[in-house]
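Along the sequence shown, residues are numbered consecutively beginning with 1. The shown structure was predicted, so the numbers you read here are calculated from the model rather than taken from an experiment. What's counted below: heavy atoms across the whole structure, side chains too, no hydrogens, waters or symmetry copies.
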Amino acid sequence: MRHRGATASPPPSRTRRSLRGALVLLLIGALVGLAVVGYTALRSGDKAKSQEPSSAPSAEPVVTNVALGKVTGKLDETRAQEVSDQVAGLVTGYLEWAYLGDYPRTDWGTPPGFTARAAKQFAKDMRRYPGLTNQPRGGEITQVSEVVEQLTVDILAPKGDPAGATGRYKVTFQADSAAGSQVVMASGRLVLAPVDGTWQIVGYYAGQGAESVGGQS
């Protein structure tokens with residue numbers, strides 16, 4: 001549990017570079033702009049007396065649990081943990097941008113950590129599939145609190161060379177508004193690959209979207 005808050009290797013041979021490049025391109029081509037399905041819309045809670053918007057920070061505290069999942073290929077434990085930490089950092093950055101922060105909120109710009117192509121597709125899907133962010137209710141929510149993030153990182157490492165990863169997430173938080181308080185859960189996964197020497201998000205999938213799992217007035 002954690003609270004939010006390499007030595008260079010010799011250049012690979014031409015054949016190895018070609019194989020690795022093909023794997024990365026295949027991964028990106030297959031995963032960028034994945035269809036988002038199964039969205040369950042946020043439901044309004046019981047009506048309550050009107051309340052003034054909160055001006056206090058709304059994302060404290062945030063508890064993040066990260067687990068290393070399946071590693072496909074030969075990758076030593078130390079290297080696998082390094083990759084997991086890098087991927088987890090990008091996933092938590094996305095979750096903070098998509099669901100947390102200060103409210104009321106109406107501004108959702110470019111998601112952090114995405115390739116330009118994936119970010120462009122995400123901007124379209126964000127309007128079509130509201131479960132990807134809190135945008136549909138951002139102007140109504142007054143505070144987000146009691147945040148718990150569960151992350152599992154799976155790694156693809158053919159021949160011991162990390163070529164892709166998947167960050168599966170589930171985030172749960174309390175959302176307060178003039179209509180009352182709700183406990184909201186959102187889950188999905190982000191697909192990442194090393195692009196231009198750094199890990200970046202190349203695809204996404206919101207299998208369960210965002211769902212209200214409890215409410216009180």
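- Taking hydrophobic clusters as Ile, Leu, Val, Met, Phe, Trp and Tyr residues chained together by side-chain heavy-atom distances below 4.5 Å, Leu95 shares a cluster with Trp97.
- Closest approach of Ala163 and Pro194 over heavy atoms only: O-CD, 3.4 Å.
- To the nearest 0.5 Å, atom CD of residue Gln81 and atom CG of residue Leu75 are 11.0 Å apart.
- Taking both residues in full, the closest heavy atoms of Ser177 and Glu140 are given as CB-O, 3.4 Å, listed atom of the first, atom of the second, then distance.
- Side-chain N or O atoms of Asp154 include one that pairs as donor or acceptor with a backbone N or O of Lys70 at under 3.5 Å.
- Leu90 and Gly113 get closest at one heavy-atom pair: CD2-CA, 3.9 Å.
- With contacts defined as side-chain heavy-atom distances shorter than 4.5 Å, the pair Leu68/Ile155 qualifies.
- Trp108 and Gln135 share no side-chain donor-acceptor pair at under 3.5 Å.
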Checklist entry - Under the side chain to side chain contact (heavy atoms under 4.5 Å, CB included) criterion, do Phe122 and Thr133 qualify, and how do the steps go? => result CA-CA 11 Å; Phe122 187 94; Thr133 69; 4.1 Å; yes

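- The shortest non-hydrogen separation linking Ser181 to Asp176 is OG-OD1, 2.7 Å.
- In this structure, the side chain of Thr152 does not engage the main chain of Ala67 through any donor-acceptor pair within 3.5 Å.
- Closest of all the heavy-atom pairs between Leu132 and Ala98 is O-CB, 3.6 Å.
- Taken to the nearest 0.5 Å, the CG atom of Asp161 stands 10.0 Å off from the CG atom of Leu156.
- Taking hydrophobic clusters as Ile, Leu, Val, Met, Phe, Trp and Tyr residues chained together by side-chain heavy-atom distances below 4.5 Å, Tyr129 shares a cluster with Ile201.
- Distance check: Thr172 OG1 to Met185 CE gives 6.5 Å after rounding to the nearest 0.5 Å.
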Item to check | From CA spacing to verdict: side chain to side chain contact (heavy atoms under 4.5 Å, CB included), Asp125, Tyr204 | outcome: CA-CA 10 Å; Asp125 288 337; Tyr204 46 89; 2.7 Å; yes

Item to check | Val148 vs Glu146, side chain to side chain contact (heavy atoms under 4.5 Å, CB included): CA-CA, chis, key distance, verdict | outcome: CA-CA 7 Å; Val148 178; Glu146 300 181 23; over 6 Å; no

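- Proximity of Glu149 to Leu100: side-chain heavy atoms (C-beta onward) are separated by under 4.5 Å at one or more points.
- Note that the NZ atom of Lys170 and the CG atom of Leu151 stand 11.5 Å from one another [nearest 0.5 Å].
- Not one N or O on the side chain of Tyr94 forms a donor-acceptor pair closer than 3.5 Å with the backbone of Gly89.
- Between Tyr103 and Asn134, the shortest heavy-atom contact is OH-ND2, 3.1 Å.
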